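Data first, discussion second: the structure below is written as C-alpha cells.
Atom set for the values below is all heavy atoms of this structure, side chains included, hydrogens, waters and symmetry mates excluded. Worth saying up front: this structure is predicted, and the values here are computed from it rather than measured.
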Amino acid sequence: MAQAPVVEARGLSLTFETNDGPVQALSNVDLTVGKGEFVSFIGPSGCGKTTFLRVVADLEQPTAGHVSVNGLSPEAARRARAYGYVFQAAGLFPWRTIEKNVALPLEIMGFSAAEQKERVARTLALVNLTGFERKYPWQLSGGMQQRASIARALAFDADLLLMDEPFGALDEIVRDHLNEQLLKLWARTDKTICFVTHSIPEAVYLSTKIVVMSPRPGRVTDIIESTLPKERPLDIRETPEFLEIAHRVREGLRAGMGDE
Amino acid sequence: MAQAPVVEARGLSLTFETNDGPVQALSNVDLTVGKGEFVSFIGPSGCGKTTFLRVVADLEQPTAGHVSVNGLSPEAARRARAYGYVFQAAGLFPWRTIEKNVALPLEIMGFSAAEQKERVARTLALVNLTGFERKYPWQLSGGMQQRASIARALAFDADLLLMDEPFGALDEIVRDHLNEQLLKLWARTDKTICFVTHSIPEAVYLSTKIVVMSPRPGRVTDIIESTLPKERPLDIRETPEFLEIAHRVREGLRAGMGDE
Amino acid sequence: MSVTASAANTGAAPAASLLRRLGQGKALPVSLVVAAILLIWYGFTVYLNTPWQIGVYERAGAEWTAADLVRDTMAQDRPVLPAPHQVVAEIWKTTVETRPTSNRSLLKHAWITLSSTLLGFAIGTLLGVLLAVGIVHNRAMDRSVMPWVIASQTIPILAIAPMIIVVLNAVGLSGLLPKALISTYLSFFPVVVGMVKGFRSPEAIQLDLMRTYNASRPQVFFKLRWPAALPYLFTSMKVAVAISLVGAIVGELPTGAVAGLGARLLAGSYYGQTIQIWAALFMAAALAAILVALVGLGQRLVTARMGGRS
Amino acid sequence: MNFAIAGALFFWAGAWALNEWLVRLDPRAPGLRRIIDLAVPAIFGITLLVVWEGLVRGFNVPTVLLPPPSMIWERIVGSLPTLWADFRQTFLKAVLIGYALGCGAGFLTAIAVDRSPFLQRGLLPLGNFVSALPIIGIAPIMVMWFGFDWPSKAAVVVVMTFFPMLVNTVAGLSASSAIDRDLMRTYAASYWQTLFKLRLPAAGPFIFNALKINSTLALIGAIVAEFFGTPIVGMGFRISTEVGRMNIDMVWAEIAVAALAGSLFYGIVALVERAVTFWHPSIRGG
Amino acid sequence: ADDLTLQLKWVTQAQFAGYYVAKDQGFYEEEDLNVTIKPGGPDIAPPQVLAGGGADVIVEWMPAALAARERGVPLVNIAQPFKKSGMMLTCLKETGIEGPEDFRGRTLGVWFFGNEYPFLSWMSQLGIPTDGGPDGVEVLKQGFNVDPLLQKQADCISTMTYNEYWQVIDAGIAAEDLITFKYEDQGVATLEDGLYVLEDDLKDPAFADKMVRFVRASMKGWKWAEENPDEAALIVLDNDATGAQTEKHQKRMMGEIAKLTAGSNGALDVEDYERTVDSLLAGGSDPVITKRPEGAWTHEITDKAL
Ligand SMILES: Nc1ncnc2c1ncn2[C@@H]1O[C@H](COP(=O)(O)OP(=O)(O)OP(=O)(O)O)[C@@H](O)[C@H]1O
Ligand SMILES: Nc1ncnc2c1ncn2[C@@H]1O[C@H](COP(=O)(O)OP(=O)(O)OP(=O)(O)O)[C@@H](O)[C@H]1O
Ligand SMILES: Cc1ncc(C[n+]2csc(CCO)c2C)c(N)n1
Ligand SMILES: [Mg+2]
Ligand SMILES: [Mg+2]
C-alpha cells in the first residue's frame, strides 16, 4: 500500500444509552477509505450512517473498536481541520446572512478578508445561490438552505469531505448539476469524499466504492467497488455497466433488510 | 362538474418583503385540485412549492388572487381542520417522546385516550417506527424524525393531506414502502393529496396530476394528467407509459429552467 | 471531612480515584474557592482594621509588634471588616447556642424572613406568569401594560413601602402579607420579562403546526408555549427568588423592623455591630443560595423529564 | 365627592374601550401603526393618572399619604434644578457606572465559570450566595468602604446587578443547539471562536433579559443605597428626606423622574435588543 | 378595654422606656386601655402613619411635628414627657474644632428624615451656609451609626446623649478625645419626644378621654422608669424583638434618658414651646416653619390627666 488510508475503521461499535435502554447504532464496522476515493454510504433509515460519519468527525466516541483519520486519531484530525462536514440538517446560524454563514469557517480558520470574499462568492455560485448573499436563513426555501450549508462546507477546501445526504432536498436538475460539480471538484483536487445518500443512482454515479449498511445494529453488509471510469458524463447512467452496479446495490440493500 | 374542487387557486401571487427588497415567490398561479385527486408539485428548489402549500394551509396570506379550500376560505378550512400538513422539516417538539409527538394533534382534537393510543400505535407501525415510541426526537436519525412527522400528520385522518417533501430523507426501500402505503391509504379512503417532491419517478408513480413549476417568480408551467390506472403495483415504474410521463415531466422541468 | 478520613485508610489508588471523584463533584472546587476567598478575606481584615488598631495602640501608648497587630485586628469588637472566624462564632452562638424561640436566635429571624420571602415569591411568580400570559395573548395588554410594568419597577420600593404598609393596614391587612407583597413587587418583574420572551420563543414552524391543527389558544399555550418557555421560567425564578429575599428584608424596615433578618441587619447597623451585620448577611446569603439551589434542582428535574437535551 | 370617583371610573371605561378599538384597527400603513403603538400606552397611562386624581380627590386621601398627580406636576415644574441635580448624582453617576460594572462583572464571571468546569462547580454556588446579599446589609458596608459619595452607591448597584447577569448568561451560554456546537467542533474552532461566533449570539436573548431586569434594578439599588448615608444630594436622599418632612409631593416628583429615567433606560436597552437579536423568534414575530 | 396604638419614633430602646414600663407594669390595664406599641425605624414617619390611620398617637420631635402641621397634618401636642433635648454634635478633638465658629469648611454628619430641623436652624442662627463651600459646612446624611466619625469620614457627627455618644465611647475613643456641642448648651434646643394626635380626633370626647387615661398611665410609667432605671431597661430589653440590644447599653441609656425626662410632669411647658418655635422661625431664608403655628398644643389632656 503506497498510501496510508484516509479513514480506517476496525471493529467499530457504538451504543447509545437512552432512557429506555441502550440502542446499538454501529456494530463491528470494518472499513478502509483510501486517499482520493469517493465512498458512498447507503442503507435504510436509522442504520447508523450519520453515526459513522460523526465518529469519523470526532463528534461521537465509539464504545469499542478503533478509527483513524489520515493516520491520526479522529480528534487530532479534527484539530488539524482535516475535513469539511455537511450535516443532514442545514444548521445555519439565524443571526448571519447567507454569505456570513458561508464565511463562518473561513473566519475561524483565519482567511484574509479578500480571500473570504472571493471564496464565498465562488462557492455560492457553485450551489446556484448567487443573489441570495444578503438573505437570512429563514428567508430561504428548504433546498436553498441545504445548498448554503454545502457551500459552507466546501468553502475552506478540506481534503476530506463528510457529506450527510447533502442533496436530499434538491430537485433532480439542481441535483444533477451539483453531482457533476462535485465530481469535477473531486477529479480536479483529489479530495477524499464520504457521502451518505439514499439514492442508488446517485451513489453509483458518484462513487468509486459503495458501502451498503444494514439496520440495527448498523453493520456493513456489502462493499461494492465501482468499475466505472473516473470520467463520468451524466449519460453514463444509461449504460449497462451502470445499471448492473445499481442492481447489485439494490440487491445488497434488500438482503440487508431481509435479515432484520 | 359534479363535485366542488377541494383546492382552487385563481391568479394567486405572493411577494415577501425582505431586508433587501421584495421576493416574488408566487406569480399568478391558477390551479384546481378535485376531490380524491393526488397532485404532485415538482419544480426547482426555491420555486414556491412550499409557499403554495402554506397559502392553502392559511399559513401565508397571498398578496393577490384567491384560493378556496373545500369551497371555503383557507382560514375557514383550517378552522374546520380540513387538512393534515407534513412540513419540510420534521418540527417535532423536543420535550415530547415520539408517541407523544404523534398524539399531539389527537390531544388537541379531543380524541379519547384509548383512541389516541390505538391511532398512535397504528400510524407509527405504518411508518416503521414501532419500538421507538419512548424515544425523544434527538435520539432518532434524520429519516426517522421525518417519518415520525408523517405519522403525526396521518394520525387524525384529515381528508386533505398537504405533504412537503415527506420522503426526502428516506432510503429507496422505505420510500417505496411508504409510497405503496400512501397509495393504498389514498385508494381506500378517497383522500385528496397535495404532495411536493423532487423525485420525478415518485411523482409519476403516485399522482393523478403533476404540477410542474418554474422558479422565481414561481409559476405553473405545465400540468400533466396521469394516464396510469388507479391500481399501481411497484413495477408499473418499468412500463413505457410510466417512462413516457416521466419524460414529459423532465422536459417540462427543463423548459421551465431554460427561460430563467 | 469523614470522606477524606476514610480515603486515607483505603490506600493510595482508591484515594486517587476518590480525589478525582471529588474533583468532579462540587465539594472540592467549592472548598478550594472558599479557601481562596477566606485567605483574601483575612488579608483584608488585617488591612482594613489596621488603621483603627494603630489608633488604639497610640491612644494607649502601647508597644506593639506585627504579630500583635495581626492578632488584634482579628479580634476587634467593632471591626471595619470582621474576620471570618468571628462571623462564624457569632452565627454559631446565635443559631446553635440560642433557643430557636428566643429573640436573639438568628434561626428565628431567618425563619420570619423566609416565610415572607416564600409567600412573596409564590405570589410574584404567579403574578408574573399571569401578566406574561396576558401580554403575549392580548395586544392591548402588550402595548399598554408592559411600559407601565417597567415604570412600576423604577419606583423605589423603599420609598413607597411605608405607604403600602400604612394603606394595607388601613384595609385590615397586617402581619406577613404586607411584607410579602413587597417581595412580590420586586420578584414579579424578572418573571414577566423572562416569560414574555419564553412564551414567544417557539419557532415559527412549531406555531404553524399548531395553526394547522386549529389549536385553541389554551392548547397552543399548554402544549407549545409553556414547555418552550420553561428554560426561561427557571432562569427567571432564580433571579426572582433572590430578589424576593431582598424584598422581604427591605420590607421589614417599614413594618417596624421588629423581627427578621432585615430588622437584625438594621439593628446591627444602628449599633455599629459589624459582626452581627455580617452574621445576618451570611444567613441571608445562605438562605438565598439554598433557595436558588432548590430552584435549580427543580430545573434539573423538569429538564430531565422533558428529554434532557436542548 | 362621588362625582370625582364616578368621573374617574367613567373615564377609565371609555379609555379602555378606545384602546381595545385602537389595537384592533391594525392598519397597513406603517406610520399610522406607529402612532397607535405610541397612543395605546399613553392612553393607558393618562387613564391611570385620571383615575388616581379622581380617587384621591373623591376619597379625600390625605396628601401626606398620596398626593394627586396635579399637585405632583406642579412640584416637578417648580423644582427642576433640584430634580436635575439629584438626577445627575444618582442616575448619571451611580446608576450608569454601577450598571456597567455590575453587568460587566456578572458577564465576565459567567464566562469564567463557563470556561472552567472547575470554577463552574466552585464559583457558581458562591454566585448564588452573593445573589441575595441584602441591600440594607451591604449599603452601610459600602459606605464604610467607599465613602459617602456616589462610588458607594455604584458599588451597591454592582452587587445588585451582578447575579441576574450571571444567571442569565450562564443559562444563555447553554442555549445554542447541539448541532450548531457540533458544527463548530468540526472546524476545530477554538473556545473563544465558538463563544463569539455561536454561543454568545445564541445567548443574546438571555443576556438582554438580564440587561432589562438590571436596568430597573440598578435604579432601585442606587436610590435605596442613598438611605444609608450620602452627601445631601441625590434622588434617594431627597425621597427619604422629604418623606420625613411630609413633602410627599416632592417624593412623587422624584419618583416620577425615576420612572421616566428608568423607562427610557429600559426602552433603550429594548431597542438595542431588537437590533442585536433581530433573528430570535420572539422578535422576528412568532 | 379600649384599643389604642402608639407609634414610636425609633426602634425599641430605653428612649421609650416609659411606655414599655406602663404596658409591662399594667398601668395601661389599670386605665382600661389595651395599648399596642409599634416600634419605628429609619423609614417610618410617624405623622404619616398617624394620617394613614395606622396609629392613634405618636411620639415625635416638635420641629418635625410643627413642620408636618404646616404641610397639612394637623398634629397637636398633648403631652411632653421630655423636658430637655439630648441632641449634640460630637467631634474628634484632633480635628482642632473648639467652638461653633470652627465649623466652617468642615464635614458634619447630620440625621435627616425630619431630624435635621434643629441642626438647620442652629446653623442659620450661626450664619453658616450648609451647602458646602469654604465658608460653609459640608453636610453628610449620616447613616444609622457612628462610623463616619470613627472612619474619619466626618469631622463631627450628630449624637444623642443617651445613645450614639456612648457608642463612640464604646468604640474605644476616650471622652477626653471628644468635644461635644449640646443643643441645650448652645441655646438652640428644641423639644424632643412629645406625644401628638390629630386635631380632629381630639374633638371626639371619647377619644380625648382615652388620651387622658393614656397620658396618665404613660407618665406613671415614666416616673417608675426614672426611679427604677435598671428594671426599666430590662423591660425594654424584653420587648426588643430584634434581640440586638444589650443590657449594658440599655441600662446606660435609661440613665441618660432619666436626665431628660426629669423636670417634666408630662405637661408641655409653654416657654419651652415658644423657644422652640422661635428657633425654628429664625431660619433666615429657609426657615423650618414659615409662620407661628396656632393650636399646635393643648393642655386639655394633661390638665385632666395629672
Ligand atoms: N443521540 C442519540 N441518542 C440515542 N440514540 C441515537 C442517537 N443518535 C442516533 N441514535 C440512534 O442510532 C441509530 C442510528 O442513527 P443514525 O442517525 O446514525 O441513522 P442514519 O443511518 O443516519 O439514518 P437516516 O438515514 O434516517 O438519517 C438510530 O436507531 C437512532 O435512533
Ligand atoms: N419568510 C420568507 N421571507 C422571505 N422570502 C421567503 C420566505 N419564505 C420563502 N421565501 C422565498 O420564496 C421563494 C420560494 O420559497 P419556497 O420555500 O416556497 O420554495 P420551495 O419551492 O419550497 O423550495 P425547496 O424545494 O427548496 O423547498 C424562495 O426564493 C425563498 O427565498
Ligand atoms: C435615617 C435616620 N434618621 C434619623 C436617625 C436618628 N434618630 C432618629 S430618632 C432618634 C432618637 C434617638 O435614638 C435618632 C437618633 C437615624 N439614626 N437614622
Ligand atoms: Mg442520518
Ligand atoms: Mg420547500
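- For C:I150, the parts sitting under 4.5 Å from any heavy atom of chain D are the backbone and the side chain alike.
- For C:F199, the ring pair (Phe, Tyr, Trp, His ring centres under 6.0 Å) partners are C:F221, not counting sequence neighbours.
- Only the side chain of D:E273 comes within contact range of chain C, with heavy atoms under 4.5 Å apart.
- Note on C:D142, C:L287, C:V136, C:L32: by heavy-atom pairs under 4.5 Å with chain D, the leading option is C:L32.
- Only the side chain of C:T274 comes within contact range of chain D, judged by heavy atoms closer than 4.5 Å.
- For a residue to count as touching a neighbouring chain, one of its non-hydrogen atoms must lie under 4.5 Å from one of that chain's; by this rule C:N138 touches chain D with the side chain only.
- Ranking C:K238, C:Q299, C:Q153, C:Q206 against chain D, the residue ahead of the rest is C:Q153, based on heavy-atom pairs under 4.5 Å.
- Between D:P205 and C:Y232, the shortest heavy-atom contact is CB-OH, 3.8 Å.
- Taken to the nearest 0.5 Å, the OH atom of D:Y266 stands 4.5 Å off from the CZ atom of C:F189.
- Using a 4.5 Å heavy-atom cutoff, the side chains of D:N209 and C:T235 are not in contact.
- Using a 4.5 Å cut-off between heavy atoms, C:L291 makes no contact with chain D at all.
- Residue D:I43: no heavy atom, backbone or side chain, is found under 4.5 Å from chain C.
- Only the side chain of D:L48 comes within contact range of chain C, judged by heavy atoms closer than 4.5 Å.
- Residues D:W145 and C:L48 are in side-chain contact: their nearest non-hydrogen atoms beyond the backbone lie under 4.5 Å apart.
- In this structure, chain C has a heavy atom under 4.5 Å from the side chain of D:W252, while its backbone stays farther away.
- Within a 6.0 Å sphere centred on CH2 of D:W52, other residues, nucleotides and ligands contribute more than 12 heavy atoms.
- For a residue to count as touching a neighbouring chain, one of its non-hydrogen atoms must lie under 4.5 Å from one of that chain's; by this rule C:F234 does not touch chain D.
- Counting heavy-atom neighbours within 6.0 Å of D:W279 CH2, excluding the residue itself, gives a total above 12.
- Considering only heavy atoms from C-beta on, D:I220 comes within 4.5 Å of C:L186 through its side chain.
- For D:I141, the part lying near chain C is the side chain, with the backbone staying farther off; criterion is any non-hydrogen pair under 4.5 Å.
- Residue D:L166 does not touch chain C at all, counting heavy-atom pairs closer than 4.5 Å.
- Here NZ of C:K197 is found 5.0 Å from OG1 of D:T277. Values are rounded to the nearest 0.5 Å.
- In terms of heavy-atom pairs under 4.5 angstrom with chain C, the leader among D:A171, D:G45, D:S240 is D:G45.
- Here the closest non-hydrogen pair linking D:A259 and C:A151 is CB-O, 4.1 Å.
- Using a 4.5 Å cut-off between heavy atoms, C:L261 makes no contact with chain D at all.
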